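Remember, predicted model here, so these are calculated numbers, not experimental data.
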Amino acid sequence: MPYSDVKDISIAIDRGGTFCDVIAKTPNRPDIVFKLLSVDPNNYKDAPTEGIRRVLEQVHGVTIAKDEKLKLDSIRSIRMGTTVATNALLERKGAAVLLVTTKGFKDVMIIGNQTRPNIFDLTAKKLGQLYEEVLEIDERVTIESFSEGGGANLAIADPEDPQLTPGVTGDTIRVLKKPDYDLVRSQLQQIYDQGHINTIALCLLHSYTYPEHELKIAAIAREIGFQVSVSHQLQPMIGMVNRCSSTVADAYLSPIIQNYIQYFGYGFEGGLPAFGNKLLFMQSNGGLCPWYKFTGLKAILSGPAGGMVGFGQTCYDNVSKTATIGFDAGGTSTDVSRYAGSLEHIYETVVSEVSLQTPQLDISTVAAGGGSILFWKNGMFVVGPESAGSDPGPACYRKGGPLTVTDANLFLGRLLPEYFPKIFGPNQDQSLDYEIVVAKFQELTETINKENGSTFSPEEVASGFLKVAIESMVRPIRNLTEAKGFNTGDHNLACFGGSGGQFSVALSKNLGISQVAIHKYSSLLSAYGIYLADIVIEKQSPASFIYSPETLGRIEEKIESLHEQAYEDFVEQNLTHNDHRVEYFLNMRYQGSDTHLLIPVEKSQTDADQKFVQRHQAEFGFKLDRKVLVDDVQALLIVETPDKPVHNPFEEYKALQTFEVASGQSKPIYFEGKGWTDSSIHNLPELKTGSSIKGPAIIIDNTQTILVEPNSAASILSDHILILVEQEEKPSFSKHVVDPIQLSVFGHRFMSIAEQMGRTLQQTAISTNIKERLDFSCAIFDRNGDLVANAPHVPIHLGAMSFAVKAQKEIWEGKLEHGDVLVSNHPQAGGSHLPDITVITPVLDENKNPIFWTASRGHHADIGSISAGSMPPNSKTIFDEGASIITHKLCSKGEFDEEGITRILLEEPAKHPGGSGTRTLSDNISDLKAQVSANYKGITLLNNLIDEFSYDVISLYMGAIQSTAEVAVQNLLRMAYRKFGGEKLEAIDYLDDGTAISLAITINNEEGTAEFDFTGSGDEIYGNLNAPRAILYSAVLYVLRSLISTDVPLNNGCLRPIKFLTREGSVVHPSYEAAVVGGNVETTQRIVDVMLKAFQAAAASQGTCNNFTFGINDKENNISFGYYETICGGSGAGPTWDGQSVVQCHTTNTRITDTELFEKRYPVIVREYSVRENSGGSGFHKGGNGVVRDIEFTYSGLEVSCLMERRSLAPFGLLGGGSGLRGKNFWYRSAETESGKVRKISLGGKCTVKVKKGDRVVIMTPGGGGFGSGDVEDSVNFPISSSKPTILTGSVGLRTITQETN
């Protein structure tokens, strides 16, 4: 029997981490909207089921027992977003998984891209893997040709070769080894019979283009009984690490999702089959799919996707086309996104150190939300990123939690305890605890005033923290907009989530936005977005060809095939009675670039390449004279949700007749500059459409609190609150006295500028080194050339650029013109080594005197020299190492000097005996232009800051932020003084040639200063391991920052307490002509190890970057390229941690090129890339293991170079710990005689050889040293702790990760 005759109930549910939000719509009835706890075992087993039960009770007017199975006959649809998959990933509670992969790559996920999670985390700690066992399959395919340096123009030697076959992408595939399927079956059966693992993640090399082996192995596994996630079916895109990680995540999470769906189905009559297509789940891509198509990989960003759909559908002005920024502030996270008429997608995200490659909305999870903890550190107000979470939660939750953003809002009257449910305290029957918050703010204020000599009131302190919190929130919003070329002020703002309404006006003022739309369901907007979302069927096919008239037919074939596949699903899901549309996209990029743009196309379209060029020009500011490639083709079949309401609050407001509303209630609220101010209180359900409320005021209902600040006004619309924000004049700041609150704000601003410079450089550069390996840094400097802010990119660049800027300042004093840009790379002018080219841009006042500087340093793959890749292992003078530039005007009055820089890079190095000009001139020029663009971006943003605050104020705070860093280092030095009882700290270690690196540290405890004496180090080397002073300073800065182990500004202030003593003519103070290319990458590693030894902080890490280069200049075949990589190894153990295996250590953290990309671009086959077992040193804490990298070359005549240390002297252990194993390099020369015998030759650490086709080079990197022979007790320990894993999603979050890991 049905409950009643009511039909067509549509229910949307967002099951979040804390609350489960429910919205139900029934024809001709008011909406039902409520929240319930996501987990409440005392009252119900499952929150969504309980929510549906309550809806059915209310709609039908009946009582339904909690254990009664629910009837589905009156329900039209149930749409759900869930955090089940996300929680399982964060808590590591997924299924037991077997990873099945290609032989030689069992450790592909352990190695990953070889970076450590945080460059200043000496523990380099990573989370464990999601799989439990690995099975390697003896199979192998590779790409036959190569694309770099003219390789794509070479003809296939023998097209009839039976090993060759076409791939899905159009590439020619060589099948080197087919699997023994009988053996595979036997191995899988044996594992299955053990009964522990029944889920497989299957990912073979190059399966995205040649899926045959995966298909057959998957079929065998399924016959045995395994559930299988197959990489090429989940995400057919190049890039083994990301595809494999995604496949493992899908296998790990899909059983959890399926179990949950099965469990959910038990609550309904007929179980899951009774749902048919009524039960839909929100996917990460913003579309719905039926329950039987919902998998782990699609589920991870399910909830946030609903929020973006929600504000996009309800808060976008489709008449003026003004884009809307979405700001979703919850208790434990904050998401930002941008909507400009369509949903923007990206393909990669990292959640809890798991890389996920799957279509997803570009939603950036960037902050901790209302639970962000408040700190007073190093004379600055700091908000987050640590969060109090929901347990213990903010201090006011009565669980002993710390002060948070939520507490500051409560203390200042912006939250009303009387409107909160009484669910706090031991018996969950008390209101928010205002008294404890007052006490804690009073205590914190006393501490700040005592340390800072200030006279802040508790209200000023709380207000200051909110100001800093706002600044930390707008930083990612600026990255989202300005870094893509959009003016932030040209947007509308949509605020939602539990605490979004509290920040809306403050955010708008900071960003220069004048209108804020807040939907009536803002605190449940994710659920409402799920209700509004369309069903999306997505199909994708990889490609690999140039967009040209000759390939249009192949594109059409792929489009037709994808359309057919999508339509089959459309029919299967019984959706043919619904309106639908199909959209097609080409994923395109310039040849030689990794910047993809998704270009919408129609069938039979012939100008998609022009659309790509136009969009590239609009987004990045330049176009290239290069061919445009298609990397994949996509089709989206979109089934539109019927009867979708149309929302445009901005147009509604224009036609609205408003009237002011008075309130009988008022309450004092504290505002900066105004103090406690009487503010009206309004209950939202009682307000009529057209009501106008002038700030200050609070608008409140059962689910949200909206703060309307002074000089703003809120209008009540039919479905929204629209707040008009009046931009106030900025308060004037002292030009002489530093305000610690404003100092914290400027700290965010300065760092944001450096970050956006880095994003501009990465996006506009061409080379693999900058775009993919991220071997670059960007920074801003004060008028004296002192570093103010350096986004944390490559550690060895930290601090070094300041010396380059100062050198140019001295050279060009009084001779600079507006529009001039300088370029330099010479160590005597503050350079590190020659491949690291620094582009420096001065900003001049009306008298042509510098007022500040911007600079960017990037590693260029080749700048000439005696060997390809410009990292010659046997260079004796700097002239062997390529183009050396003391100074040159790269731009003169705004004109780029291409002729001059070409002469310097191409002609000058070739004049040296045995030398060559650059082998990658085109990339050099493009990357230098990108560096100029990055500097210009920084100048634009700095000028905006000066317009806002005045130059004198900015100059004051540029100095003050350096003083803050100085205090942090002084405190560290005093701690070291206590640790060692005032004794001198001494340490020595040796390079492989026996040259000493010696350090003696004398600390002045009173002043908090230290003398770092390197005069005992060896003499300048007749070789390239000499370390210029600039990189010596960088190495010291890196160690100091790592020992502080907390966020402090990275600037010149860090080195102010340090006095350096070096001996001219030594290895750390070499002469003008000294070769230095290895000093930057190798000697600095030893300097760091010696410093850590002196501080007794950690054993030696691998002590080398393992620099490996190869290249060719084959004029006969018109082939010319250079390639450079650094290879990971083992990190050193410490007092409380084991060393991490297979990571980049200390002064580098660059990524390794993915094996599939590597083999596609260059004439190589990677035979093995795995952990070098037992290579870490023994000890109470063991050293990390190195890696084995086995590379076969498929083109004769390549020049291969190794520049590597720790091949003679092992990485030392500390305090009784054992040494790590030394590295080894071998050259396996292919058969030269009829005997077919392969010669194995030890290469040592430094060599250059010419290889033939079939030759292999095997590199075995060193392990890290062990620490201690027993538990190490120490009364004074450096505050070294492992960084916590984060959820940093979306383009901004991903950018943050690359900065923090690189």
Side-chain angles (χ1 to χ4, degrees), residues 621-622 753-754 756-758 760-761 764-765 776-790 797 800-832 834 836-858 860 863 883-906 908 924-947 951 954-955 958 1030:
F622 70 97
I753 292 170
Q756 291 185 53
M757 288 174 65
T760 301
L761 178 53
T764 56
F776 68 87
S777 287
C778 297
I780 59 175
F781 306 81
D782 66 15
R783 68 189 314 151
N784 300 314
D786 287 326
L787 176 67
V788 173
N790 191 138
H797 293 171
M801 276 196 288
S802 180
F803 297 94
V805 174
K806 288 183 175 182
Q808 298 306 306
K809 178 179 181 293
E810 185 177 336
I811 292 169
W812 291 96
E813 193 82 50
K815 294 179 277 187
L816 291 170
E817 301 285 343
H818 293 282
D820 286 354
V821 179
L822 310 173
V823 63
S824 177
N825 70 346
H826 199 289
Q828 293 298 314
S832 47
L834 298 186
D836 284 343
I837 300 179
T838 307
V839 174
I840 300 164
T841 306
V843 178
L844 309 177
D845 62 17
E846 61 275 8
N847 298 317
K848 300 182 182 177
N849 294 315
I851 56 173
F852 54 77
W853 306 73
T854 61
S856 53
R857 176 171 286 180
H860 289 243
I863 52 155
S884 61
I885 312 166
I886 290 286
T887 189
H888 178 72
K889 274 192 180 181
L890 187 61
C891 297
S892 184
K893 297 182 180 180
E895 289 295 317
F896 187 85
D897 181 17
E898 188 160 338
E899 182 180 339
I901 196 65
T902 298
R903 175 181 52 78
I904 289 171
L905 293 173
L906 193 61
E908 294 297 326
N924 295 135
I925 298 296
S926 294
D927 285 352
L928 287 170
K929 288 181 177 178
Q931 288 177 255
V932 172
S933 297
N935 289 3
Y936 181 72
K937 182 69 176 179
I939 289 168
T940 301
L941 296 173
L942 276 169
N943 279 330
N944 291 345
L945 213 54
I946 289 172
D947 291 343
Y951 172 72
I954 299 303
S955 181
M958 279 186 167

**Q** Does Tyr936, at its OH atom, have more than 12 non-hydrogen atoms belonging to other residues, nucleotides or ligands within less than 6.0 Å?
**A**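 For Tyr936, atom OH is not crowded (no more than 12 foreign heavy atoms under 6.0 Å).
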**Q** Got a donor-acceptor contact below 3.5 angstrom from the Asn825 side chain to the Leu834 backbone?
**A** yes
**Q** Going by side-chain contact (heavy atoms from CB on, under 4.5 Å), Ser777 matches just one of Asn790, Thr838, Asp836. Which one?
**A**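 For Ser777, the side-chain contact (heavy atoms from CB on, under 4.5 Å) check succeeds only for Asn790.
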**Q** Around atom CD of Glu810, are there more than 12 heavy atoms from other residues, nucleotides or ligands closer than 6.0 Å?
**A**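 Open: at most 12 neighbouring heavy atoms sit under 6.0 Å from CD of Glu810.
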**Q** Could you walk me through whether Ile946 and Phe852 pass the side chain to side chain contact (heavy atoms under 4.5 Å, CB included) check?
**A** CA-CA 11 Å; Ile946 289 172; Phe852 54 77; 3.2 Å; yes
**Q** Between Asn935 (side chain) and Val839 (backbone), is there a donor-acceptor pair under 3.5 Å?
**A**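 Flag set: sc Asn935 to bb Val839 pair under 3.5 Å.
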**Q** Do Val843 and Pro850 have side-chain heavy atoms sitting under 4.5 Å apart?
**A** no
**Q** Should Ile925 and Phe896 be marked as a side chain to side chain contact (heavy atoms under 4.5 Å, CB included) after you check the CA-CA gap, both sets of side-chain angles, and the distance that decides it?
**A** CA-CA 10 Å; Ile925 298 296; Phe896 187 85; 4.2 Å; yes
**Q** What are the two closest heavy atoms between Ile901 and His888, and how far apart are they?
**A**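 So the minimum-distance heavy-atom pair works out to N-NE2, 4.1 Å.
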**Q** Do side-chain atoms of Ser802 reach the backbone of Gly785 as a donor and acceptor pair under 3.5 angstrom?
**A**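 Pair found, side chain donor or acceptor close to backbone of Gly785.
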**Q** Looking only at atom types and distance, does a side-chain atom of Asp820 sit under 3.5 Å from a main-chain N or O of Glu817, one as donor and one as acceptor?
**A** yes
**Q** Asn784 side chain to Asp786 main-chain N or O, any donor-acceptor pair under 3.5 Å?
**A** no
**Q** Kindly determine whether Glu898 and Lys929 satisfy side chain to side chain contact (heavy atoms under 4.5 Å, CB included), including the steps that lead there.
**A** CA-CA 10 Å; Glu898 188 160 338; Lys929 288 181 177 178; 3.5 Å; yes
**Q** Could you grab the distance from atom CD of Glu908 to atom OG1 of Thr902, nearest 0.5 Å is fine?
**A** 12.0 Å
**Q** Do you know the tightest heavy-atom contact between Gly830 and Ala1030?
**A** O-CB, 3.8 Å
**Q** Could you state the interatomic distance from CD1 (Ile886) to CD (Gln828), rounded to the nearest 0.5 Å?
**A**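 One gets 6.5 Å once the value is rounded to the nearest 0.5 Å.
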**Q** Could you walk me through whether Val823 and Ile840 pass the side chain to side chain contact (heavy atoms under 4.5 Å, CB included) check?
**A** CA-CA 6 Å; Val823 63; Ile840 300 164; over 6 Å; no
**Q** Closest approach of Leu905 and Ala883, non-hydrogen atoms and distance?
**A** CD2-CB, 3.9 Å
**Q** Is there a donor-acceptor pair closer than 3.5 Å between any side-chain N or O of Gln931 and the backbone N or O of Ser856?
**A**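 Yes.
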**Q** Rounded at 0.5 Å granularity, tell me how far CG in Leu787 sits from CZ in Phe803.
**A** 10.0 Å
**Q** Quick one, Thr854 and Lys937 - any side-chain contact, counting heavy atoms below 4.5 Å?
**A**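 Not touching, per the 4.5 Å side-chain cut-off.
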**Q** Check whether any side-chain N or O of Glu813 sits under 3.5 Å from a backbone N or O of Asn849 as a donor-acceptor pair, and report yes or no.
**A**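 No; judged by distance alone, with no hydrogens or angles, the pair does not exist.
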**Q** Just wondering, do Arg857 and Ile837 contact through their side chains at under 4.5 Å, heavy atoms?
**A** no
**Q** From Asn924 CG over to Ile904 CD1, what is the distance, rounded to the nearest 0.5 angstrom?
**A**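 Interatomic distance, Asn924 CG to Ile904 CD1, rounded to 0.5 Å: 12.0 Å.
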**Q** What closest approach, in Å, do Met801 and Phe781 show between heavy atoms, and which atom pair accounts for it?
**A** CB-CZ, 3.7 Å
**Q** Roughly how far, to the nearest 0.5 Å, is the CZ atom of Arg783 from the CD1 atom of Ile954?
**A** 13.5 Å
**Q** Rounded to the nearest 0.5 Å, what's the gap from CG on Leu822 to CH2 on Trp812? Could you check?
**A**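 Reported value, rounded in 0.5 Å steps: 6.5 Å.
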**Q** Leu761 and Ala934: which non-hydrogen atoms are nearest, and at how many Å?
**A** CB-CB, 3.8 Å
**Q** Looking only at non-hydrogen atoms, find the nearest pair between His826 and Ser884 and report the distance.
**A**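 The pair with the smallest heavy-atom distance is CD2-CB, 3.8 Å.
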**Q** Answer whether the closest heavy-atom distance between the side chains of Lys893 and His818 falls below 4.5 Å.
**A**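 A side-chain contact is absent here, since even the closest heavy-atom pair is not under 4.5 Å.
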**Q** Less than 4.5 Å apart, side chain to side chain, heavy atoms only: is that true for Lys889 and Val821?
**A**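 Result no, sub-4.5 Å side-chain heavy-atom pair not found.
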